[in-house]
Each structure stands twice: as C-alpha cells, then as structure tokens.
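Inspection log for the structure reproduced underneath, given as structure tokens.
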Amino acid sequence: MSYLLEGLNPEQRAAVTTTEGPLLVIAGAGSGKTRVIVHRIAYLLDQGLARPEQILAVTFTNKAALEMKERVHQLVPASRRRGELLISTFHSFCVRALRRHLDRFGGAYTRDFTIYDADDQGRLVKACLKELGLDDKKYPPRAMQYGISAAKNRGETPETLPPSSDPKRDALIKTFRLYERRLAAANALDFDDLLLLTVRLLRRFQDVADDYNDRFRYILIDEYQDTNPPQLNLARLLTQQRQNLCAVGDPDQSIYKFRAADIRNILDFERHYPKAKTIILAQNYRSTKTILDAANAVIRNNRARPNKDLATRNAAGEPIRCFVAANAEEEADFIVREIIAWQRRHEHLRPEETRAAILYRTNAQSRLFEEACRRRLLPYVLVGGFSFYERAEIKDALAYLRLLLNPHDDAAFDRVVNVPPRGVGKSTLEALAARAGADSVSRWTAMTRLLEEGGLSARALTGLTNFASLIASLQRLLDAARLADLVSAVVTRSGYADLLEQEGTLEAEGRKQNLEELVSAAAEADERGERLREFLDRAALVADTDDLVENARVTLMTIHSAKGLEFPLVFVAGLEEGLLPHARVAQDEDDLEEERRLFYVAVTRAKRQLYLTQAERRRVYGNEVATDPSRFLDEIPEALMTVQSGAGTAARRADDGRPSLKPPAKIGAQRLTKPKPAAAQGAGRDAPASAAGGLRVGDRVEHATYGAGQIVRVADGKLDIAFPGRGIKRFVAEAAPLTKIARK
DNA sequence: AAACCAGAGGTTTTT
DNA sequence: CCTCTGGTTT
C-alpha cells in the first residue's frame, strides 16, 4: 500500500484511489478535503498515472493554489515530479490560455489584451452612462455593472437580450452594448470575459480543445459548489474526452451566488457526468462535538441539500458562548478582552493552537474590531483591506506599464495621461473621449489622429506629444531591460519621482517608498524569469497579498474570506436580523438559505471554542437603532450554549429592576493611549509637547482606520497625520483613535 | 491645478 | 456616522 494512503479513513482513501472516470467528492466542513486533494495528486504522480504537466488542479483563490502546490511538493519527492504541475484559479488558467490563443478569433482582440479589474470596469461603466446621456442617479453605475456581469454570466450578449420598453432594462442593454464596444476598442477583457472567451475558444476551435484534452489527463476542481456557468462549461470542455474530473465541494458551503455561482452545478454533477461515482466525506476532524452539533442543527433547516450530517469522534468540548452586548462597541471590546484572556489561559499551547478569528458579515464592521484591538494593544491582521496593488501610486505605475504593452488600454490611458500634470486638462480629455467615441477607437488612436490633424491648444499639443514619445521611449526598453529597470524607468522618466520629490511631504515620501517596493517586486519577478506580461497579470489577479495571515494570532475578516480556513477560537459577530441574514436578502427563501450556509461556514471554522455575539443596539448611518437577534441563533439547541449579556443591555436591566443604565462610558474618551513608559524616551526632540496626550510632531502613531502614520503638525487641539499612500488627515486630538508606536 | 467646502449617500459578500 | 464626490475658490 502506498505511503500516501496511510492515516486516511476508508472514504478518503477511496477518493484518492478512484482514478478513472468522473468523481464527485462531497466533502463536509473539516473533513480533510484539502488533504484528500493533495494526496490524490500525489497518488497520481506516485503511481505513474500522470506526469505533473498532465494534471490540472483548480482552486478558488491564488493563495489556496500556492498552499496546495507546496503540500504536494512536501509529499512527493522532486524526482517524481519533473515538469510543471499546474495548480491555479480558473481565472489564471484562462489568462494563460488566452495569452496563447486569443489571436485565433481574428477580431479586435489580440494576445496583448489588458485585464480590466473591478475598478477599471466601474470607471468604464460610468463613462458609458455619461456618453449615453443616462442619469447615473437613476441608473446607479454599480447596479449596471452588476447587471452586465450577471447577463454575461448567463451567456447573454447585448444582441441576445430582447429589446425592452422598460427604461431600466433598456438602459442596461444600451450600456451593455457600449461597454462591450469600448472594451473591444481598448483590447481589454474584464474578469467575466476571461472565462467566457476561453469557453468560446474551446468551442470554436476543436484543435485547441483537443490539445487541452490531450494534455490534461486528470483535472481536479476544488470548491466545486461555487462554480458559475462559464466555469462549469469550461470544466466540461476540458474533460470531454477522458472525463477524468474530480470535483470536490460541499453544497452546504455554497456562498457565492452573487458572483453567479450556481449550486446546481454540484447538485447536478451526476446528470452532467452519468458515469460519476460519488463519495461522501462525512467525518469531521476539525471541531468539537458541540460545535458540530450546532452546525448540523442549523444547516438542517435548508431544504435543497444532500442528507449528510457530519459526525465526529472529537470530545464535546466547551459549550458555545453567546454574548449579547448593549451596542457594537461593547461587542467589539468584549471580543477583544475574551481573546486576550483565552490566549493567556492557553499560553502553554503552541502559538498556532491559540489563533483566533473575528468573523463578520460586512467589511464595514471591521473598523470597530480594529479600534478595539488597538485600544487594548492586541496585534491583529486584517484580511481584505486595501492591498498593496490598490494604492493610487501603484496603480499609476501599473497603468504606465500596461500602456507599454497595450497603448489602447483606455483605463490606463485615462489614469496617467496627465499624471504627473503635463498640461492635458479637462477640455483636452473631453475632446479625446469624444473623438474616440465618434470613431469607435481607443483614446490612444484618437490622440494620434488629433495630433496629426492639429486643432489642439498649444499646451495640450506639447503635453500629448511628450506623453506619446515618453511611452514610445519606454516601449523600447521592453525587450532590453530587466523588469526592475523598466519599472524604475517608468517611475523616473514619467516625472512621477520628481513630482513626489518636489512635494516634499511625508505623504509623498510614503508613496515613493511604495513605488520602491514595486521595483523590488519587479526584481523578484526578474528572478523568477517573468516578463512584464506575467508581472501585470499577477497584479491584476492576485487580490490577497496578506500572506502574513498564517502567523497572525488574531485575524479579522468577512465570513466569505474565511472559507477554507480554521481557527481554534472563533467569534462570529453581529448576529442580528438585517446583518446576518443581511437585510438585502431576507425576503427571498433561496437567498435566506444562502445566508444560512454562510452562517454554517462561520460556525464550522471553529475547532475548540465558538462565540456568537450580538449587539442590542447598532449604529446605522449615525443613529443607534435596536436590533433583533438573528433567527439563526434560535436554530441552535439551547443545550449547546451559554448565554451572557453585557452591562447595560436590556436583559441586565430587567434583572436589576433598575429602569435603565446610562449607556456604557463612551469609549472614545479614553482612546488616546498614553505612550508606553519606557518606549518614547530617548529621542528628546525639540518639538514642544502638545496638549494632546504628549504627542509631538514626528511621533509615529497607529490610527484605527488608516494604519501607521506620522504626525506632521500639532495645533489648536488638532493633529495632522501623514499616512503613506493615503495623504494627510486632520483629527481632533482628543477623539482620534490613535495609538502611539514606540520608536525603534 | 491644488486646496477647500458642502452635500449626498452608503453597507453585502470577491476572482 | 464617515467617506467620497463634485463644485467652488485661489
């Protein structure tokens, strides 16, 4: 027996060794799903059933792909895996395929296409609305963007949509049509296109489809319950010959409907693949029995699902603790205090056995937890904040780079044509946009035409001429220079570096540092042998740059981001009607079931101890309103829980018989933490101490929302603080959620 | 072109 | 409440 099967239970073994034909693995939460996939890949290699390059494994995130690859490498000796093992997301896979074959279509698109991220997409939609003269109050761009994406994922094009007299519908179709035209003119693809065009490619060109079918003997897809229609099509097209598809997933964890994921894809697997074999992994290795019983009890309330209660041999463990706070601030503070106490109680354990997660439904909730952590000096990692690649200066530099490969990239063009300022003002930009629209060409082409024909102001003429020759001169570096040199040339020759230099502010300093980081990233890419193309593709597709998450002892994130992760200690916060389930979905039964699955995902992240918290009052747009406990709380058997409420909650008031307590002391009053005694000494600078808790110009501080910054001005009880990449912000000294950072 | 101010509007979730 | 946008001012 292969060493790869040791320590696996019979179902897991079957999932690893069933190597012929379609296989569906319904893997419950904590059932060792990733382990099974990793062992299966290793087994295929070990048994000589496939060489590495003949296997394609698809994961949901880039991070998951990386991790999976690493684990396979640990399991299989290097001698057994010559050749590239392809583990990637659907999107990355598609980019690879399109970079190779997109020319085949012969139309507007070429292999040099640009990827438009959600940001570029939003801008384009806005521009389209404007061009069509549609009021963006009446037709919110976001809704339009969503509508277009949804239509695309259903396989619609502007032409297949029936004309409608409904103005909303009509506006959507018109915008959709223009949007597609503008994308084509810019040789740009949005995230949806990446999948859709790959599907079209495989459908249209049999030889390409055959190539892929020949190459990939085995295909594995993780998180299959969250595939959307184009992804399903892709899977079917890639497996049409051999049908060696191993789909792994859990219908109870399908939580991406808003992104066009269709739970039926996994429920109908046996219909799509009549010869399919199904294996259910129902044994849970992760959670205590108490936590698992709660999860089972909750998910049982959903109708359409396979009957697969999870079982475990783990001990019952601690009861789930339910905490009702008077308001959201108290909720956050309670959680942070409990984390500190819990981790202190478990100090004897290895650090990774005391990792904690605070999970919430919406990103907006994160701020309170950040502030609470800062207040009590508890280090944390926030997942899903601004990533490096979302900073303005980074996007600017990337826009230049994008233009070098594809000058027709309108989004990039708009972004940098006048950054740094070169006399291309509003009216010139409008003239460019108008010309581009009229001729149905890119901004770049429109610019070229306008330059030839004249008719521009002298200033604009010089500005645009300079811009054009700048791009041209940088393009000459494409083949010669190393990536790092190229990036650094972009920063200097564009004048961006000088601009920041002149500014002389700390903010500009921070931006410069970020750009230097980008150059370092390029140098790393150089070492991996990557070209600009790959570098940009990675920047477009890699969303989570937070790899620190692994080592953090406290992680803050949305429930969606927590999928696939586990933590010994888990807090699910904001268990209120309107938040979880979210108010936007409460009417529709299907949507409600998705919210329940979301809650199920949250609960099943916990290994040892689970807390569920609710705030009785929560601020909504400024005013505090009373909340109702989430209906999901009622679905957990009382025997599994202990309930506790905070000071000042209604429950407590009733107990005391006191009419009402005043709301808990405003925590804002004590926000400004005094510098730590030993730390701030040493640098006895000249700046006068302010009235603001001993903060001086030059001090480094940590702000709850903006992160690390440096104080640049103290006056009138106000603080001006520079945040790298975010500019200078002014705060009322007394109220600012700040923590002083000790000097090194 | 930058800096300042007023007002509106916003909260799902993400490759 | 807080942030962003757009308009106005210099």
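By convention in this document, chain letters (A, B, ...) are assigned in the order of the sequence lines, proteins followed by strands, and residues within each chain are numbered from 1. The shown structure was predicted, so the numbers you read here are calculated from the model rather than taken from an experiment.
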Round to the nearest Å and state the distance from [X] atom [atom1] to [N] atom [atom2].
X: A:Arg367; N: C:dC2; atom1: CZ; atom2: P; answer: 6 Å
X: A:Leu195; N: B:dT15; atom1: CG; atom2: P; answer: 13 Å
X: A:Ile263; N: B:dT13; atom1: CD1; atom2: P; answer: 21 Å
X: A:Gln365; N: C:dC2; atom1: CD; atom2: P; answer: 16 Å
X: A:Arg617; N: C:dC1; atom1: CZ; atom2: C1'; answer: 15 Å
X: A:Arg619; N: B:dG10; atom1: CZ; atom2: C1'; answer: 16 Å
X: A:Ile221; N: B:dT15; atom1: CD1; atom2: C1'; answer: 15 Å
X: A:Arg259; N: B:dT13; atom1: CZ; atom2: P; answer: 13 Å

With a non-hydrogen cut-off below 4.0 angstrom, is A:Ser561 in contact with a base, only sugar-phosphate, or nothing?
sugar-phosphate
Contact class for A:Phe90 (heavy atom, under 4.0 Å): base, sugar-phosphate, or nothing?
nothing
Output the single nucleotide from [options] whose closest atom is nearest the side chain of [X].
X: A:His582; options: B:dT14, B:dT15, B:dT11; value: B:dT11
X: A:Asn418; options: B:dT15, B:dT13, B:dA1; value: B:dA1
X: A:Phe258; options: B:dA1, B:dT13, B:dT15; value: B:dT13

According to salt bridge (Lys or Arg N to Asp or Glu O under 4.0 Å), who are the partners of [X], at least two apart in sequence or on a separate chain?
X: A:Arg264; value: A:Asp262
X: A:Asp498; value: none
X: A:Arg123; value: A:Asp119
X: A:Glu131; value: A:Arg182

Rounded to the nearest 0.5 Å, how far does CG of A:Leu232 lie from CG of A:Asn265?
4.5 Å
Watson-Crick or G-U pairs under 3.5 Å in DNA chain B, rendered as dot-bracket with [ ] for crossing pairs and | for another strand:
||||||||||.....
Using the P atom on both, measure C:dG6 against B:dT11 and round to a whole Å.
15 Å
List for me each residue that meets ring-ring contact (aromatic ring centres under 6.0 Å, His included) alongside A:Phe467, sequence neighbours excluded, and say none if there are none.
A:Phe413
Using only side-chain N and O atoms of A:Ser92, determine if any of them is under 4.0 Å from OP1 or OP2 of B:dT15.
no
A:Asn363 vs B:dT14: side-chain N/O to OP1/OP2 distance below 4.0 Å
yes
Does this structure show an ion pair linking A:Glu593 with A:Arg305, if we count only N-O contacts that are shorter than 4.0 Å?
no
Test A:Arg618 against every option in A:Glu624, A:Glu329, A:Glu331 by the salt bridge (charged side-chain N to carboxylate O under 4.0 Å, His left out) rule and name the one that passes.
A:Glu331
DNA chain B: A:Gln231 or A:Ala364, which has the more 5' nearest nucleotide?
A:Ala364
Which residue lies toward the 5' end of DNA chain B, A:Pro421 or A:Glu595, if each is placed at its nearest nucleotide?
A:Pro421
